[in-house]
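Below: one structure, written as structure tokens.
Heavy atoms only: backbone and side chains are in, while hydrogens, waters and symmetry mates are out.
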Amino acid sequence: MSGLSPAANPRLVCVLGMHRSGTSLITRMLNVLGVYLGPDERLMNAQEHNPRGFWEHQLITDLNNAILAQLGGSWDEPPTFFPGWESAPELADLRQKARVVIHEDFAATECWGWKDPRTCLTLRFWQGLLHPMRYLLCLRNPVDVAQSLYRRDGFSAEKSVRLWLTYVASALAHTAGQPRLLLFYEDVMRNPQAELRRLARFVDAPELAEADTTQSAVREFVEEELQHHRTSVIDAADDGRLPFPVRSLYVALRVDAELDRDGVSDRSVSDAMLGDCVNRLGLYAVTAQTELDVQRATMAEREKESRTEVERHARELADKEAEGESARRACDRISRELATTRTGLDRREAELNQVRELRDRLLGDLEAAQARVTAQLMGEGESRRARPSQDICSG
């Protein structure tokens, strides 16, 4: 955007790179080389996991966070960027705030810059507001980035390398064909003076790299830097935990940085072609990773559906087992009731048999009594018939 700075031809350096990739250290080197980062009171305070300082302009970082949130994401869960998002009306207020920050803190500065890893994702927003920029892409072995993020944030290796790929590929895609320098954190730690010279040439300050004060300052804070993880290029290339798009892009970037070791000028045609290949590989890597993520999401959804189906069958089986258990308890209860009834019937039958025996005995006694009575009656009748004959004879 024109008219933002009264400086005739300001040099503007945008520092890009994935979190935990040495962006703070390298930005500090830029500052020593004369790149203005904003008023001291605007710089982000040091924290536990970055005790040497972040060298980030707090308001720019806040704006980047607000942009990502407005689009429905965050630094560790990047949103989906729809075409033309950087000009969306929803971001108008943030664009105005960004203009104010740029005007108030950098308007009259001949050489200034800023660093925030989130800018890898939001770069299109800033490109619409600023003069053409130079881009410094800070890189680090993705294995070490993942270990550092696990140590700081507890992220899984899978999430960390996916973020590494997203950040690096986005930075490559949005800086293709523009002045750009790749700088590896491992190279800075191994040979800070050589990387300082490369960096100085990139920002048109080669004489500052040779100054004793500059070299002494860089040597001091590089020696203070805490490098917890050191994985070689070969080890990273052979690490089966890294998805192939991540490994291939990382190796291609290492090769490209080695070819560019002497600076960005006077590169051969073949070297320029390699740079174009790196840009394309960055795009292909994102596509491949996106397809892989889609496949993983599909598999996860299918696994979820299968788990839901299994759980449904398990619930149905549990219900049927509960019904069976209830039926078994009912059968047991009925069996107990039948046994009780059978016992009662057996007792009643025994009592009935006793009654029958008593009846039979009483019937027998009755028949015997009747027979005696009958016999007695018959005897008395015969006596009465015989008595008149005797009376006649006696008369």
Side-chain angles (χ1 to χ4, degrees), residues 11 13-37 43-44 46-47 49-56 111-117 120 134-145 147-148 151-152 164 167-168 171 179-236 250-251 253-265 267:
R11 287 174 293 149
V13 183
C14 178
V15 181
L16 304 169
M18 173 58 191
H19 299 266
R20 316 306 295 168
S21 294
T23 55
S24 298
L25 172 63
I26 293 169
T27 302
R28 194 175 181 187
M29 294 172 67
L30 272 180
N31 186 233
V32 173
L33 292 171
V35 178
Y36 180 63
L37 303 177
L43 298 183
M44 184 183 296
Q47 296 179 10
H49 293 284
N50 212 338
R52 310 290 186 265
F54 290 86
W55 302 91
E56 291 182 17
C111 181
W112 66 278
W114 88 93
K115 162 257 176 178
D116 177 18
C120 294
R134 306 179 190 191
Y135 300 99
L136 176 59
L137 180 51
C138 304
L139 297 161
R140 188 182 184 186
N141 191 313
V143 176
D144 295 342
V145 169
Q147 292 175 334
S148 183
R151 183 171 176 265
R152 189 188 73 174
W164 184 95
Y167 273 67
V168 173
R180 181 177 69 194
L181 177 67
L182 306 184
L183 207 64
F184 277 84
Y185 174 66
E186 295 88 347
D187 295 342
V188 173
M189 297 302 295
R190 182 173 57 252
N191 192 346
Q193 299 305 323
E195 297 307 300
L196 176 66
R197 294 187 183 94
R198 291 182 67 217
L199 195 54
R201 288 195 296 269
F202 183 67
V203 297
D204 298 332
E207 68 285 351
L208 286 178
E210 304 304 326
D212 291 340
T213 54
T214 303
Q215 293 190 13
S216 176
V218 170
R219 189 181 307 110
E220 180 180 350
F221 57 69
V222 167
E223 289 175 354
E224 293 177 349
E225 179 73 6
L226 301 176
Q227 186 182 14
H228 296 284
H229 310 289
R230 299 177 179 85
T231 301
S232 69
V233 178
I234 299 301
D235 288 340
Y250 171 65
V251 171
L253 288 168
R254 283 275 12 172
V255 172
D256 185 63
E258 289 300 322
L259 291 175
D260 194 33
R261 184 62 59 193
D262 295 328
V264 296
S265 60
R267 297 186 68 178

Contacts of type ring-ring contact (aromatic ring centres under 6.0 Å, His included), residue W164, not counting sequence neighbours:
none

On a heavy-atom basis, the closest approach of P192 and M189 is CD-O, 4.1 Å

Non-neighbouring partners of S21 that pass side-chain contact (heavy atoms from CB on, under 4.5 Å), sequence neighbours left out
M18, R140, V145

Which atom pair, heavy atoms only, marks the closest approach of A257 to R198?
O-NH2, 4.2 Å

Closest heavy-atom pair and its distance - T23, C138:
CG2-CB, 3.7 Å

Intermediate values then yes/no, side chain to side chain contact (heavy atoms under 4.5 Å, CB included), T214 and L33
CA-CA 7 Å; T214 303; L33 292 171; 4.1 Å; yes

From K115 NZ over to L43 CG, what is the distance, rounded to the nearest 0.5 angstrom?
10.5 Å

The salt bridge (charged side-chain N to carboxylate O under 4.0 Å, His left out) partners of R134 (sequence neighbours excluded) come to D204

Out of curiosity, Y185 OH to S148 OG, how far, rounded to the nearest 0.5 Å?
8.5 Å

Taking the side chain as everything from C-beta on, heavy atoms only, tell me whether P117 gets closer than 4.5 Å to E56.
yes

Stepwise, does the side chain to side chain contact (heavy atoms under 4.5 Å, CB included) test hold for L253 with F184?
CA-CA 9 Å; L253 288 168; F184 277 84; 4.0 Å; yes

Under the criterion side chain to side chain contact (heavy atoms under 4.5 Å, CB included), I'd like the reasoning laid out for W55 against L37: C-alpha separation, chi angles, the key distance, then a yes or no.
CA-CA 7 Å; W55 302 91; L37 303 177; 3.8 Å; yes

Who pairs with C120 by side-chain contact (heavy atoms from CB on, under 4.5 Å), at least two apart in sequence or on another chain?
L16, Y167, A171

List for me each residue that meets side-chain contact (heavy atoms from CB on, under 4.5 Å) alongside Q193, sequence neighbours excluded, and say none if there are none.
N191, L196, R197, Q215, R219

So OG1 of T27 and CG of L136: to nearest 0.5 Å the spacing works out to 7.0 Å

Any non-hydrogen side-chain atom of W114 less than 4.5 Å from a side-chain atom of C14?
yes

Tell me if a side-chain donor or acceptor on E186 pairs with a main-chain N or O of N141 at a distance below 3.5 Å.
yes

Going from CG on L137 to CG on D256, what distance comes out if it is rounded to the nearest 0.5 angstrom?
10.0 Å

Begin with the C-alpha distance, continue with both residues' side-chain angles, and end with the deciding distance and a verdict on side chain to side chain contact (heavy atoms under 4.5 Å, CB included) for L181 and Y135.
CA-CA 6 Å; L181 177 67; Y135 300 99; over 6 Å; no

With side chains defined as the heavy atoms from C-beta onward, is the minimum distance between E195 and V218 less than 4.5 Å?
no

